[in-house]
Amino acid sequence: MDGFSAFILFFGLFMFLALLVRSLINEDIYVFVLSLLGCIFIGIVFITAPINGEPSKEIRDGSHQISFIHERGTDLVLGLESQKDQTGGRLIVYIFSKDAFSGEIKKEAKQLKVSETGGFRKLVLE
């Protein structure tokens, strides 16, 4: 979540809380219920919203189709295609340290194989 989105959510939460207090003063149960639901919804969004810029730390074992490979200093940026259903997939970007890879790092690789050995993830580009 970027700064602007966080600001908008904080503003929305403030507005719902103001309506909640006003409805308690005026004893308006309809506005009270709606503003309480709004506060709960925005709270859930804050808890579940991902923070932009943080790479995923979870990658499952198996073979992954590579869309692109980009070398950035001591890191390797991989775009992995995930088949969501028959109509389309999604692209997930991962950032790994070059030290995490076993064997040669091939820029023309089309698959990433992930396996767990001894509590550590082994990454191989093929």
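The model shown is predicted, which means the values in this text are computed figures rather than measured ones.
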Taking atom [atom1] of [X] and atom [atom2] of [Y], what is their separation to the nearest 0.5 Å?
X    : Y    : atom1 : atom2 : answer
I105 : D99  : CD1   : CG    : 8.0 Å
E126 : E108 : CD    : CD    : 12.0 Å
D61  : K113 : CG    : NZ    : 12.5 Å
F10  : I8   : CZ    : CD1   : 12.0 Å

So do [Y] and [X] actually touch side chain to side chain, heavy atoms under 4.5 Å?
X   : Y   : result
L37 : F16 : no
I95 : R72 : yes
F96 : D75 : no
R22 : V31 : no
E71 : L76 : yes
V77 : I69 : no

Nearest atoms (heavy-atom pairs only) where [X] meets [Y]:
X    : Y    : answer
I92  : Y94  : CG2-CE1, 3.3 Å
A109 : L125 : CB-CB, 3.8 Å
Q65  : K110 : NE2-O, 3.6 Å
I42  : L9   : CG2-O, 3.8 Å

Legend entry - same_hphob_cluster(I44, L36) at 4.5 Å side-chain heavy-atom cutoff: yes
Inset, instruction - Spell out, yes or no, whether V33 and I40 are grouped together once hydrophobic residues are joined by side-chain heavy atoms under 4.5 Å, including indirect joins. - result: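 Hydrophobic grouping puts V33 with I40.
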Legend entry - Trace of the side chain to side chain contact (heavy atoms under 4.5 Å, CB included) decision for F101 with L112: CA-CA 10 Å; F101 289 90; L112 171 68; 3.9 Å; yes
Inset, instruction - Let me see the working for L13 and C39 under side chain to side chain contact (heavy atoms under 4.5 Å, CB included), right down to the final yes or no. - result: CA-CA 6 Å; L13 183 61; C39 288; 4.3 Å; yes
Inset, instruction - Would you confirm whether K98, through its side chain, and G73, through its main-chain N or O, come within 3.5 Å as a donor-acceptor pair? - result: yes
Legend entry - Qualifying residue for side chain to side chain contact (heavy atoms under 4.5 Å, CB included) with S35, from L24, D28, L17, L20: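 Among L24, D28, L17, L20, the one that satisfies the side chain to side chain contact (heavy atoms under 4.5 Å, CB included) with S35 is L20.
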Inset, instruction - For F11, look at atom CZ and say whether over 12 heavy atoms of other residues, nucleotides or ligands are found less than 6.0 Å away. - result: no
